[in-house]
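First up is the structure itself, then whatever we jot down about it.
Remember, it's a predicted structure, so these values are computed and weren't measured experimentally. Lettering of chains follows the sequences in order, A, B, ..., and the numbering in each one begins at 1.
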Amino acid sequence: MFSLKLNRFVSLCPIKNIKLFSVEAPQAAQVDPVSALPISKQEEVLRHPDYFNVHNLFTVQDLFEARVHYGHKEGSLDERMLPYIYGSRLGHLIFDLDKTATYLRLALNIVAHVAYRDGIILFFLRGAQNAHLVEQTAKECGEFAHTRFWRGGIFTNANKQFGAVTRLPDLCIFMNTLNNILTTHTAVRDAAKMTIITIGVVDTNCNPSLITYPVPGNDDSPASIELYCKLFKSAILRGKEKRREHLQQQ
Amino acid sequence: MLGRFARLKDPLKLLNQQAVQCLSNRPPNFETTGTVPSSTPAPEQAPQTKKTINKAMKAYLERAQEHDEFMKRQREEYQIGKRHLANMMGEDPEHFTQEDIDNAIEYLFPSGLFEKKARPFMKPPEEVFPQKKAAEFDETGRPHHFLFYTSKPNFYQTLHDTVQHINDLYMYEDAMLKKNLRPDKNLELDCSGYQWMTKEQLEGILMETIGDKDYDYFISSLERLIALPYSYTVKDFVMKYKTRLVSQMQDVEVPKPKYDSEGRAYITTYECRRKDARGDVTIRAPGTGKITINGKDINYFQDTQCREQGYKSAIGD
C-alpha cells in the first residue's frame, strides 16, 4: 500500500531532513484552520477512539438492506479483494459485511475528524446514474464533488490548471473507484502522489491497493450509493458541528 | 491460495496505529509547501498575534488590485479622450454619445480594411478588456463553488441544474398523473422564434472555455428538458440560453403610391442602375402599356439586344 509505506517512512526518518519534490523557498506562515481550535480540545478529540460516535450511524442490517453485500461475478474478481469476500452464491460474490462494517466505521471516523479540522473533502463518482446524487450530497454538506471527466493535471499541476496558487483537497472519497472505461480512476493514483488521504468503496473488480481506507462493498446499486452518501454526509456534519461547538466555547 | 494472503498484514491493525499519528502530523495540503513543516504540530507554536493571510488569497488580492488600478486608469483615459475628441469635432463635450464617437473615429481614421473588428475604434474599457472572475476561494484557501475542482464550475453547475429540473419535472408529472391531470396544451413551451446561443456566446456568459463535445452535450441536455410535458414551468431557466431569431423581412419597405390629378396612382423610383447607366422610372396604374424613354419610345435604344432586354424585363419576363 503506497500511502501507508510513505507514512512509515516519514515516521522513521527525522522529518526536518525530508525534502519533497516541489522545492520552493519556505513561505510566510499560512492560515492554518486547525490552529483556531484550542490545543487541549484537539488532543482530547484525537485520543478518543470514536469521538464522533460514527459507529452508531448504521448497522449490518442496514448494509444488507442496501444490498452492499452484492459483488460481481467470479470471473471479474480482482485477487486483492479476496480478504474481504465471504464467499460466492451461484457465481455471484458476496462481501463479508462484518468486515465491511469495520472498514466503513474506520472510514467514517476519518471523515469526521477531517471535517472537524476544516479539511477540504472531494467526492468522486463516475457513472451517470448516481452522479447527481453525489453532487447534491457534496453541496448539502458544504464540501466538493467531481463526477466529470478528469483532466490530468488537477492535483499534480494545480497551479497551472487553476491559474493561481490552489489548496488541494485533504481527503478524497471515491464512491466508485472505476471510471467509465472500467479502469481505475486516475485521481486514485494522483491523490497518492500528492499525499492526499483516500477513502474508496471498492467492489470485487476493483484494485484496493492505492486507497488509504478501502471500504469493500457494492458500488453499483443506487440503494448502496444512497446509503454511503447518507453516512458520509452525517459524519461530515457531525464533525463540523463539534468544530462549531468548540470554537464557540473558546 | 490462502498461503499467499497469509503474508499480508492485517490492514485494520496497521490503519488503527497509523491513523492518530497521521492526523496529528498532517499540515493542510498546500501545493507550494517546499518542505514539510517542523515535526512539532502547529498548535504547539506560540499563538500568532498578527493574522497572516493565505498565500493563495494574497496572490489573488495582488492580481485583483492590479486589475482594478488598470481599469481605473483606462476609464480616466477614455473620459479625457472623449472630451478631446468632442472638442476636435466642434461638438459639445458634455453630450458626446458613443455613436458620435464612432462617427468621429470613422471620419478621422478612414480605414479600407474589410474586417470591421480590425478598424480603429474607441470604446469604454469594460467592453474592450475581458471581465475577470471574482475570488474563487476564501482566506483559508477553501474554494467557494462546490464544483471548483472540475475547473469548469459554472458550466457543470448549469448541467447540474438541468438534471435537477429534469428530476423535479418527473416527480411533478407523477404527482399530476396520480390526480389524473394532464398538462395544459395551451401552456406548452413554444421556442419557434428562438435558437440556441452559440458556443462563443455561452463561453461569454460562463466566463469559461468549453469544448465542442461539451457544448453539444449541453444542448442535448436542454433539449431533453424541453421535451418533457411540464417544461413550461422552467421556461425562465431555458430561455436564458436561447437567442431570438433575427427577422429577415425588416429591411424591405414597400413604398406607397402617389395619386395625380386624374386619380391615377403613380410611383417614381430614383437612381435605378444597370452598369453605369442611371435612370428614374415612373409607373402609372391603371396603365396603357406605353413606354416613354427620355421623350422617345422604345426605339431610344437603337441596338436590338438592348431593346429586347429592356422590353422583356419591363413585361416581367
Working to the nearest 0.5 Å, report the span between [atom1] of [X] and [atom2] of [Y].
X        : Y        : atom1 : atom2 : answer
A:Thr137 : B:Phe146 : OG1   : CZ    : 10.5 Å
A:Gln136 : B:Asn167 : CD    : CG    : 8.0 Å
A:Thr147 : B:Tyr156 : OG1   : OH    : 8.5 Å

Whatever's closer than 4.5 Å to a heavy atom in chain B on A:Asn109 counts as neither
Measure distances from A:Ile120 to the heavy atoms of chain B and classify the residue's part below 4.5 Å as side chain, backbone, both or neither.
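For A:Ile120, the contact with chain B is made by backbone and side chain together.
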Within a radius of less than 6.0 Å around [atom1] of [X], do more than 12 heavy atoms belonging to other residues, nucleotides or ligands occur?
X        : atom1 : value
B:Glu115 : CD    : yes
B:Tyr241 : OH    : yes
B:Asp212 : CG    : no
B:Arg75  : CZ    : yes
B:Lys123 : NZ    : yes

Side-chain contact test, heavy atoms from C-beta onward, threshold under 4.5 Å: evaluate it for B:Gln157 versus A:Lys139 and give yes or no.
yes
Candidates B:Val163, B:Thr162, B:Leu159 - the one meeting side chain to side chain contact (heavy atoms under 4.5 Å, CB included) with A:His132:
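Exactly one candidate clears the test, B:Val163.
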Return the option, out of A:Arg148, A:His146, A:Gln161, with the maximum number of heavy-atom pairs under 4.5 Å with chain B.
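Most heavy-atom pairs under 4.5 Å with chain B: A:Arg148.
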Any donor and acceptor pair, going by atom type alone, linking the side chain of B:Arg142 with main-chain N or O of A:Glu143 inside 3.5 Å?
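Checking the backbone N and O of A:Glu143 against the side chain of B:Arg142, no donor-acceptor pair under 3.5 Å is found.
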A:Arg151 versus B:Ser151, closest heavy-atom pair with distance
NH1-OG, 3.1 Å
Measure up the B:Tyr149 and A:Phe162 rings against each other and bin them: parallel (under 30°), tilted (30 to 60°), perpendicular (over 60°).
perpendicular
